[in-house]
Amino acid sequence: MAFFSKLKDRLFKSSSKLEEGLDAIVEDGGAEEAVAAPEPAAAPEPAPEPQAEKQPEPTPDPTPAPPPEPVVPTPVAEPAPQPVATPKPAPAPATPQPTPAPTAKPAPAPQPAPTPEPAPAAKPGLLARLTGRTTAPTEVKRELDDDMLEQLEELLITSDMGVDTALRVTANIAEGRMGRRVSSREIKELLAGEISRIMDTVARPMPLYPTKPQVVLVVGVNGSGKTTTIGKLASQFRNAGKSVVIAAGDTFRAAAVEQLQVWGDRAGVPVLTAPEGSDPASLAFDAMTKAEADGADLLMIDTAGRLQNRQDLMEELAKIVRVIRKKDPDAPHNTLLVLDATTGQNAISQVETFQKLADVSGLVMTKLDGTAKGGILVSLADKFGLPIHAIGVGEQIDDLQPFDPEEFAAALTGLEKG
Ligand SMILES: Nc1nc2c(ncn2[C@@H]2O[C@H](COP(=O)(O)OP(=O)(O)OP(=O)(O)O)[C@@H](O)[C@H]2O)c(=O)[nH]1
Ligand SMILES: [Mg+2]
């Protein structure tokens with residue numbers, strides 16, 4: 001319950017955009033029908049006649065949005081040690097509960113003025129409206145045809161799902177259903193099913209190994225959320241009973257060290273620093289030595305944000321990796337690439353670039369709150385298959401959640417569970 005409503009709440013921009021788009025597609029060319037017993041597939045009908053003047057019927061779900069609930073921090077990975085190189089299976093997420101209709105129904109898309117020709121199908125609805133009784137609930141359905149599929153593809157592409165993924169998802173939805181009349185809820189369910197199928201294989205928490213210290217190198221372009229994510233992760237690992245050390249490998253900016261120290265204080269984790277402008281690789285080496293001496297479970301190394309076109313910075317990252325390997329040839333044991341969801345399709349080229357430079361082992365997608373580009377995650381999962389360890393849904397310490405494909409798909413499509 002808590003998890004789903006929070007994600008839905010946070011993903012509001014994405015979901016409302018997709019949700020509204022899907023509703024509009026079904027409305028556009030759809031016709032209101034009485035909600036009947038499950039229809040037999042494909043009752044081929046002539047082009048649906050515009051019906052007598054209709055007021056958009058309010059759907060009977062004016063449930064107010066639930067109040068924001070306190071965050072339940074869920075460790076991204078389980079503390080129990082695992083044999084090296086065996087990724088842990090996902091820990092059971094805080095059992096999400098179906099949450100009823102958190103959003104108001106968006107206004108239906110404007111419809112062309114219909115001709116006042118009474119359609120036979122409208123009878124019960126019309127009667128009900130005249131008598132003020134709503135004995136026969138109705139819903140809009142549209143025939144799944146090429147036009148509708150094209151609109152669906154476009155919508156998915158604008159939600160940053162990427163052309164290839166959008167085409168494949170749409171084709172899967174179409175398969176065996178052409179000519180069938182579908183409601184917007186059905187389309188949302190089909191879409192959510194496709195999305196969660198793609199995402200299922202990549203939803204994996206960061207694996208933990210018995211190695212001490214397990215070195216976690218955190219990389220990404222400027223401002224993607226590396227430092228914040230380290231703070232959040234350190235806090236979760238610490239709560240799960242791990243001893244954590246953070247190395248402020250961003251020696252590029254003095255403010256970066258201060259920022260990390262603030263996060264270290266919040267998480268209750270020591271932060272190792274070096275003077276501004278000093279060599280981050282030698283800081284990383286010193287941090288390894290210290291973490292070893294302290295018997296720390298995890299060493300998280302923050303790095304300076306780098307532009308993909310800054311060759312010197314990119315080389316610096318490679319040097320950090322070389323140097324820590326002198327201490328432990330298997331390090332870093334995890335290389336997390338932090339991506340900002342608001343950058344949309346640009347995330348694709350970031351993954352490609354960082355994969356060349358470092359052995360990226362998993363992704364964290366930040367800023368999924370407040371973006372209309374949540375579809376990028378589907379595109380990344382489809383294209384690279386890299387594990388998605390966690391998602392950032394806010395700036396606070398608890399705003400990092402394990403990635404749950406079903407919840408994500410439901411939140412993204414605006415599917416109301418329950
Ligand atoms: N809304 C939201 N903001 C986030 C999230 N994660 C990080 N931020 C914000 O994004 C901004 C940049 O985050 P940082 O953690 O400093 O990013 P960084 O990658 O370390 O940046 P550089 O060190 O400059 O490369 C900060 O204002 C964070 O509060 C998130 O999940 N949601
Ligand atoms: Mg930073």
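Order of listing sets the numbers, starting from 1, for every ligand and every atom in it. These numbers were taken from a predicted model, which means no experiment stands behind them.
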Heavy-atom side-chain contact between [X] and [Y] under 4.5 Å:
X	Y	answer
Pro332	Ile324	yes
Gln345	Ile376	yes
Asp23	Lys188	yes
Met288	Val323	no
Leu233	Val216	no

Glu292 side chain to Thr289 side chain, donor-acceptor N/O pair below 3.5 angstrom
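The answer is no; no qualifying pair exists.
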Which residue pairs pass the side-chain hydrogen bond (donor to acceptor under 3.5 Å, both in side chains) test with at least one member in residues 252-278, sequence neighbours excluded?
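The answer is none; no pair qualifies.
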Using the side-chain hydrogen bond (donor to acceptor under 3.5 Å, both in side chains) rule, collect all pairs that involve residues 193-202, keeping only residues at least two apart or in two chains.
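side-chain hydrogen bond (donor to acceptor under 3.5 Å, both in side chains) check on residues 193-202 returns Asn172-Glu194, Glu194-Arg197.
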I need the contact residues for ligand 1: any residue with a non-hydrogen atom closer than 4.0 Å to the ligand, ordered by chain then number.
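Residues near ligand 1: Val221, Asn222, Gly223, Ser224, Gly225, Lys226, Thr227, Thr228, Lys232, Asp250, Arg253, Gln259, Gly305, Thr366, Lys367, Asp369, Gly392, Val393, Gly394, Glu395.
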Relative to the Mg ion (ligand 2), how many protein N, O or S atoms have a separation of less than 2.8 Å?
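Protein heteroatoms (N, O, S) closer than 2.8 Å to the Mg ion (ligand 2) number 1.
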Specify the closest pair of heavy atoms between Leu412 and Gly375, including all atoms of both residues, with the distance to one decimal.
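That would be CD1-N, 4.1 Å.
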